[in-house]
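As a basis for the values below, the full set of heavy atoms in this structure was taken, side chains included, without hydrogen atoms, waters or symmetry mates.
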There are 2 protein chains.
Amino acid sequence: VGDIKSRIELANRRVVELLARSQPVWIGCRPALEVIPGMTRETILHAGPPIAWDRMCNPMRKGIQGALIYERLAGDLDEAARLAGSGRIKLAPCHDYGAVGGMTGITSASMPVNVVRDEVSGTLAYCASHEGASPHGFGWGTCDEATVRHARWIQEELGPVLDAGLRSAGGVNMKQVVGRAIQMGDEDHGRCGAATLLLTRELAPHVVRLDLPKEVLGRVMDFLLSADIFALHVIMAAARATVEPAKNIPYSSVVTTMARNGVEFGIKVSALGDRWFTGPAQRIQTVFFSPEWTDADATPDIGDSSIVETIGLGGLIHAAAPVAEFGFGGSYADAVRKTEQAYAFCAGEHEAWTIPNLDFRGVPLGIDIRKVLQTGVAPILDTATAHKDGGKIGIGEARAPMEAFESALRAFSKQVESETAKG
Amino acid sequence: VGDIKSRIELANRRVVELLARSQPVWIGCRPALEVIPGMTRETILHAGPPIAWDRMCNPMRKGIQGALIYERLAGDLDEAARLAGSGRIKLAPCHDYGAVGGMTGITSASMPVNVVRDEVSGTLAYCASHEGASPHGFGWGTCDEATVRHARWIQEELGPVLDAGLRSAGGVNMKQVVGRAIQMGDEDHGRCGAATLLLTRELAPHVVRLDLPKEVLGRVMDFLLSADIFALHVIMAAARATVEPAKNIPYSSVVTTMARNGVEFGIKVSALGDRWFTGPAQRIQTVFFSPEWTDADATPDIGDSSIVETIGLGGLIHAAAPVAEFGFGGSYADAVRKTEQAYAFCAGEHEAWTIPNLDFRGVPLGIDIRKVLQTGVAPILDTATAHKDGGKIGIGEARAPMEAFESALRAFSKQVESETAKG
């Protein structure tokens, strides 16, 4: 048993190292169809573990309906719903395509996706551009005309400008951006203001030198100015590129993916490759934007954004972002306590990303399913809350459901036993 | 005596309120001659309390020589030195002209100065534009050809672009920028990275819509991208506008100015108007950029930038900027301890600027000369270090000399006695 335990420890250290040493670089913002292997005009990707049309939550369905209209595959919402349920459209998790998506995660062929490459492994990953500060968007589960029109603007103007700027800049090193943003009070999930400014700063000198009408430049700058959270969807792609090489390390009990589809929450564990282990999507402890809303209006926890907690950010590092903790009603001491809990369920610490308030201790890194069950503390996922009929109505935090970790640990133990028996 | 004490407390509360309630807005970046009342082509302003040419430290003299060449009042350094010592050039403190200047503080007629207006009192204040990330500049006490050339670029390109951007934006509210920057880990003196990004973000959408060649836009963006500290000289102007209405409040023992000229450190105290109380400029505890330098190479504490400590920033709020504390070799606990010391010598707290790490307690505000002497703790001034022959060679922190507070308190006591005798 001691031998197995040390094998696991060794494998987990290796996974922590892989996660910490990736060098994700934001290299482009291109239409999904052009860059995501296997993407087709009839494919629509969604957040979380696999789920069939008829089991999806409302916002996800509405996002899909909206995307079908946006792709001109349907003329109206009814036609879109029939088409989505007909089997002629391939609905699949972003994660199956090396991608991730925010909230509903809806990603269709024409949508520009942030392309991030891990320079260590060469892994590419993708995340559709954030739709901005508006509470509407396919990601929030709305599908009205304004949402579709805004998506076309992202496609026709924002995406190409960002892409050209990135080409001129030779990419933006997201490891540096995230590291610096943490030192500026971002936990890089709910709070991405510093990261967004840092990205804007890297791109601006290049973007302004492009041969573009000044009104186009102005609109792009307006967008970046208004969307504090823009960087999240680049950080998510960086995280997706980071976790891929950390999969399939035998004996490692470290989580390589956490994702939710609004019905189920799922994890992947390194030694277990791409198998999903799921539990029910949890209620989000929400600070609603308006008193008109309550928990009864809220969609349960949804989105692939929890990939950032998988690499040590978001809910794991409130000690670095007391402003975020305060937004949820907590104190500085609460923030530090939550991060101490994260150290207790993680296999290691990041060697480059550090928390000033903890005397530059590395962020907790590599959620170990064994330790989650030992401590009885599930990771906190910072998130936003979607209305059950679509639209952003609040921000909050959810806990990952223990069921997913329990079923993963059963499978992990079985696999370890069988590997050990083999040799 | 009880009555006098309560009059002082009341007056100090009023000064803290005045300092906290100002609304400084960055409204322009114009040549000093155009906007600073009393400025002439033959005037050169410098940092700190008044000082004659022959008592100035080397970097200040070199800055003046450089400025005379830049203004085409002298052809070479020797001629410039003769002219500066001749009495034909008026050398005066920035503070006498409603202005402040970084390090040497050299400000001449053609230099663009950031113009800040306090919307509450209408007070205008000025601070010459920061010269950027280079260790050379008039502010650092260099006067070579590259320094002069760069100053001309600031005059001809940077200043006009910023000014036009500011006009289009209708100004930038510095109270908001500073408040948000504190929540992003700036102490807003040595560390202004967040404030600079926030300013850039406010201006960028306007600047890109100006009718300018893209290469000009590109150079301006390059400058803002490279100069993390750019915002400091706007914050300094905001602080200068903020302290003016807080002067001359009878019975107030609160400091309204701290400034150094490299030889002397001086303060002003509210009840005592514009009188200077001085002590020797202190040695800076410096982290040198290269091991080639030691304390023997360093100019003593210099510059008007300590105006930001006067309004509760910089050395008073390391608890908000543990990254800065760490840069000086300190820990998170050191940062918090230093800020606790600042609360002990301050008359109050800011109502809008808060420190997340201290559960959003307002920053310590209004240095009370009585409390400085009671606690025996002098304010920390975050700063940079200039080589004794010019050039930036490090960053560090200095303590204000007690002598200035002692002589101010003697004058304050005398004035209080005489006012009380009067009735």
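Of the listed residues (B:Met221, B:Arg180, B:Arg219), the one with the most heavy-atom contacts under 4.5 Å to chain A is B:Met221. The candidate from A:Asp228, A:Val336, A:Val220 with the greatest count of non-hydrogen atom pairs under 4.5 Å with chain B is A:Asp228.
Taking non-hydrogen atoms and a 4.5 Å limit, the residue list of residues 193-217 of chain A in contact with chain B, ordered by number, reads A:Gly193, A:Ala194, A:Leu197, A:Leu198, A:Arg201, A:Glu202, A:Ala204, A:Pro205, A:Val208, A:Arg209, A:Leu210, A:Asp211, A:Lys214, A:Glu215, A:Leu217. Using non-hydrogen atoms only and a strict 4.5 Å limit, the part of residues 349-357 of chain A facing chain B consists of A:Pro356, A:Asn357.
For A:Asp359 (side chain) and B:Tyr332 (main-chain N/O), a donor-acceptor pair under 3.5 Å exists by modelled atom type.
Contact annotation for A:Phe223: neither backbone nor side-chain heavy atoms come within less than 4.5 Å of a heavy atom of chain B.
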